[in-house]
Number of protein chains: 2
Amino acid sequence: MTPRTTPPGDARRARRARRRTYEQGLETVADPARPATRSPERRYGTRPTMKDVAARAGVGLKTVSRVVNGEAGVSPDTERRVQEAITALGFRRNDSARILRKGRTASIGLVLEDLADPFYAPLSRAVEEVARTHGALLINGSSAEDPDRERELVLALCARRVDGLVIVPASDDHRYLEPEIAAGVATVFVDRPPGLIEADMVLSDSFTGAREGVAHLIAHGHRRIGFIGDHPKIHTATERLRGYEAAMAEAGLPVHPSWLALGGTEPERVRVDAASMLSGAEPVTALFAGNNRVTVTLVRVLAERERPVALVGFDDFELADLLSPPVTVVAQDPARLGRSAAELLFRRLDGADDAPRRVAQPTRLIARGSGELAPRD
Amino acid sequence: MTPRTTPPGDARRARRARRRTYEQGLETVADPARPATRSPERRYGTRPTMKDVAARAGVGLKTVSRVVNGEAGVSPDTERRVQEAITALGFRRNDSARILRKGRTASIGLVLEDLADPFYAPLSRAVEEVARTHGALLINGSSAEDPDRERELVLALCARRVDGLVIVPASDDHRYLEPEIAAGVATVFVDRPPGLIEADMVLSDSFTGAREGVAHLIAHGHRRIGFIGDHPKIHTATERLRGYEAAMAEAGLPVHPSWLALGGTEPERVRVDAASMLSGAEPVTALFAGNNRVTVTLVRVLAERERPVALVGFDDFELADLLSPPVTVVAQDPARLGRSAAELLFRRLDGADDAPRRVAQPTRLIARGSGELAPRD
DNA sequence: ATGAAAGCGCTAACAA
DNA sequence: TTGTTAGCGCTTTCAT
């Protein structure tokens, strides 16, 4: 516990030693707009290496390696001297070199739509937690629902030689991953299936969940039910629509095309579609929301109206139970999705080589009030 | 657009080639409980290298490198042949080797309390976005408010030679970072200041925000106001308490010790403290919540009570405006905190070497209803 | 326009 | 117990 203070000049000098602009150094995500690398100027060239430690401790390089990695076969006295040198020099093993040599990075990549989305944030956290128990770090990126960005990110992660990938796909064609998977990158898709390739996947049972949610509304007397969902290119959106259609068909109810609206989750779009369904001669008396973003917008829309409209949302969300009326939802468990996906990934990394799996997780209907409102015609 | 299909055996063979258990391979986060590495078995040894591409294209290694990196000085014909070989072999540059050679990783680390917390998720996303514009990847980890885990994570990131670090500290002593910073790892603290070292930081003005929030309650007639905040070891918690005390003092109001409760954000703890403040002969008529987790719990507690109690929460949260009463908050902008921190980081990476900065961001009081309730004595 | 050689910092294999 | 050598896959330097 030495309250040692580095002279303030040190850090400044180190900073000054850096090359002029960051981007000149190295690109990760390919960007055709940016010209290729030029200036060499090293970055951690000033850092002590094992060789330096060895020289200072008066031992061989391998001995330092042994001490650093806690391997056996070093006498206590030698170890002490090496430790002293390490501390004095502020040595820290360069894992880049280690990774190159060992061929494994002890890191996995996670690509999803939006890290900040309340649905994906817990998923991401769960993946991180599993990675941690396996001694791996997590590199993650948001695709923003853009297939090109997904591909760019995924390939950047592959170039970094992540040991595995967990992907919430934005793209519907993952053939670009074939060489990577063949080269041994374990890959698990979560929340949505891969496109045009075989791979492990962990999904919620969107179809059944939506069918139950819509059947719940029907059971409460609704006949005209609107479906407002995510963009049709997204697998879960179409699955949930299928669930809606199945529930309606099972009840012998017709579906008017104007009751269906798939599109982006931007509040404006959702508002426009909701407004049109709720107006006219035969307005819908209930709405089914295709995901949490849509649900939240619909809660706002309905709060602004006088006439009560029933609502069931896909995905649970915080405080749903404290709204008035409390919001009935078809709940998924995003953390569990993430955990399952990550565990499947590490099973692959541990050598499991059976056929790709499709894990389906059930959803749970939580009746809170908004879905039990009777139709007001 | 060749709909090429890899024979299913390929991936399986690659998987089988892997070593037996993942953890044997390589450790990232030091774990004394796990024994040191042993089995060597390579991982991407089966991957083609530039050398392989060169052999196949009948050119020199450096020519391949030129093509891969888009450098000038390659004849169109040669380039074509190299490209063909790259495609045929499924070559992808190994960035681990590149990083080792170039000395820069084009990645930054982010360590925060909990990736899934609705306050930190947008912060994280903002950091990611800035990193992206600078061509860097983001490696992140959650410290779970554990100083040891923070240190472990940060040092693992340093060993990976991330170019920079953004840290929401859990620890109150960051001297362990001195050698790293001296070696050139740009470091920016966000949301909370560093402990015992000088470094850049980006903070919200917790003191002023809390003072305004409490003054708002006082202006609405409250005299007995409870403060329920985060654990006192957390800087923002004590700053907000200071703000509370300042507002009370400025109004000439006494503060009874039983009105103050700092501790974990677990709902049980918050409930117990709230219950005791709200009972007795002279219960508080208003509550000030120290952060969004506490606020959410208090909303639940108050919803269960008959007598209305005023509430102002620190941090805004989704749907706060749709609760009844809508919740008055002192809002921070977590995305902006993240963006500022990341931009500051990249300025450092671009060579800025002026003295460490302390950036303070203002908070904003948003009156929605719960903070405007009159005291009911 | 192209390539051969050196070496980034580490670990593996093998001596001593 | 300890050290020496080779080489991971790439970029850099300097030839040609």
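Just the heavy atoms: all of them, side chains too, but no hydrogens, waters or symmetry mates, feed the values below. Order of the sequence lines fixes the chain letters, A, B, ..., with proteins taken first and strands second; residue numbering starts at 1 for each chain.
- Taking atom CD on A/Glu71 and atom P on C/dT11, their separation rounds to 8 Å, with Å as the unit.
- For A/Arg56, the salt bridge (charged side-chain N to carboxylate O under 4.0 Å, His left out) test picks out no residue, with sequence neighbours left out.
- Ring-plane geometry between B/His134 and B/Phe346 is classed as parallel, the angle between the planes falling under 30 degrees on a 0 to 90 degree scale with a further cut at 60.
- Listed candidates were D/dT2, D/dG9, C/dA1. Nearest to the side chain of B/Ala97 is D/dG9.
- Near DNA chain D, meaning a heavy atom under 4.0 Å from it, residues 61-68 of chain A has A/Lys62, A/Thr63, A/Arg66 in order of number.
- Here the side chain of A/Met50 is nearest to one of C/dT11, D/dT11, D/dT1, namely C/dT11.
- Going from atom CZ of A/Arg104 over to atom P of D/dG9 covers 15 Å, rounded to whole Å.
- Minimum heavy-atom separation, A/Leu177 to A/Cys158: CD2-SG, 4.4 Å.
- Rounded to whole Å, the distance from CD1 on B/Ile99 to C1' on D/dT12 is 17 Å.
- Across the protein-nucleic acid pair, B/Arg98 atom CZ and D/dC10 atom P stand 10 Å apart, rounded to whole Å.
- Nucleotide D/dG9 holds its C1' atom 6 Å from the CG atom of A/Leu100, rounded to whole Å.
- In this structure, A/Phe91 places its CZ atom 4 Å from P of C/dC10, rounding to the nearest Å.
- In this structure, B/Asn69 reaches the D/dT11 phosphate: one of its side-chain N or O atoms is under 4.0 Å from OP1 or OP2.
- For B/Arg175 and B/Glu178, the salt-bridge test fails: no basic side-chain N is under 4.0 Å from an acidic carboxylate O.
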Q: In sequence, state the C-alpha distance, the side-chain angles, and the governing distance for B/Ser142 and A/Glu128, and then conclude on side chain to side chain donor-acceptor pair (under 3.5 Å).
A: CA-CA 8 Å; B/Ser142 303; A/Glu128 184 207 332; 2.7 Å; yes
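- Considering CZ of B/Arg47 and CZ of B/Arg93, their distance stands at 13.0 Å, rounded to 0.5 Å.
- Using a cutoff of 4.0 Å between basic side-chain nitrogens and carboxylate oxygens, B/Arg151 and B/Asp148 are not scored as salt-bridged.
- For D/dC8, neither phosphate oxygen OP1 nor OP2 lies less than 4.0 angstrom from any side-chain nitrogen or oxygen of A/Lys102.
- Nearest heavy-atom pair across A/Phe91 and A/Thr49 is CE1-C, 3.6 Å.
- Rounded to whole Å, the distance from CZ on A/Arg161 to C1' on D/dC10 is 11 Å.
- The rotation axes computed at either terminus of the helix from C/dA1-D/dT16 to C/dA16-D/dT1 lie 40° apart, taking five pairs at each end and rounding to 10 degrees.
- Taking the side-chain hydrogen bond (donor to acceptor under 3.5 Å, both in side chains) definition, one finds that B/Glu343 meets it with nothing, sequence neighbours left out.
- Considering only side-chain atoms of A/Ser75, the nucleotide from C/dT11, C/dA1, D/dT2 that sits closest is D/dT2.
- Considering only side-chain N and O atoms, A/Thr78 lies nowhere under 4.0 angstrom from the phosphate OP1 or OP2 of D/dT1.
- Looking at B/Ser96, its side chain never comes within 3.5 Å of a backbone N or O of A/Leu100 through a donor-acceptor pair.
- The stretch residues 51-60 of chain B has no heavy atom under 4.0 Å from DNA chain D, so no residue of it qualifies as close.
- Judged as a salt bridge (charged side-chain N to carboxylate O under 4.0 Å, His left out), and not counting sequence neighbours, B/Glu150 has no contacts.
- When all heavy atoms of A/Ala131 and A/Ile108 are compared, the pair lying nearest together is CB-CD1, 4.0 Å.
- When the P atom of D/dC8 is taken as reference, atom CG of B/Asp95 falls 18 Å away, rounded to whole Å.
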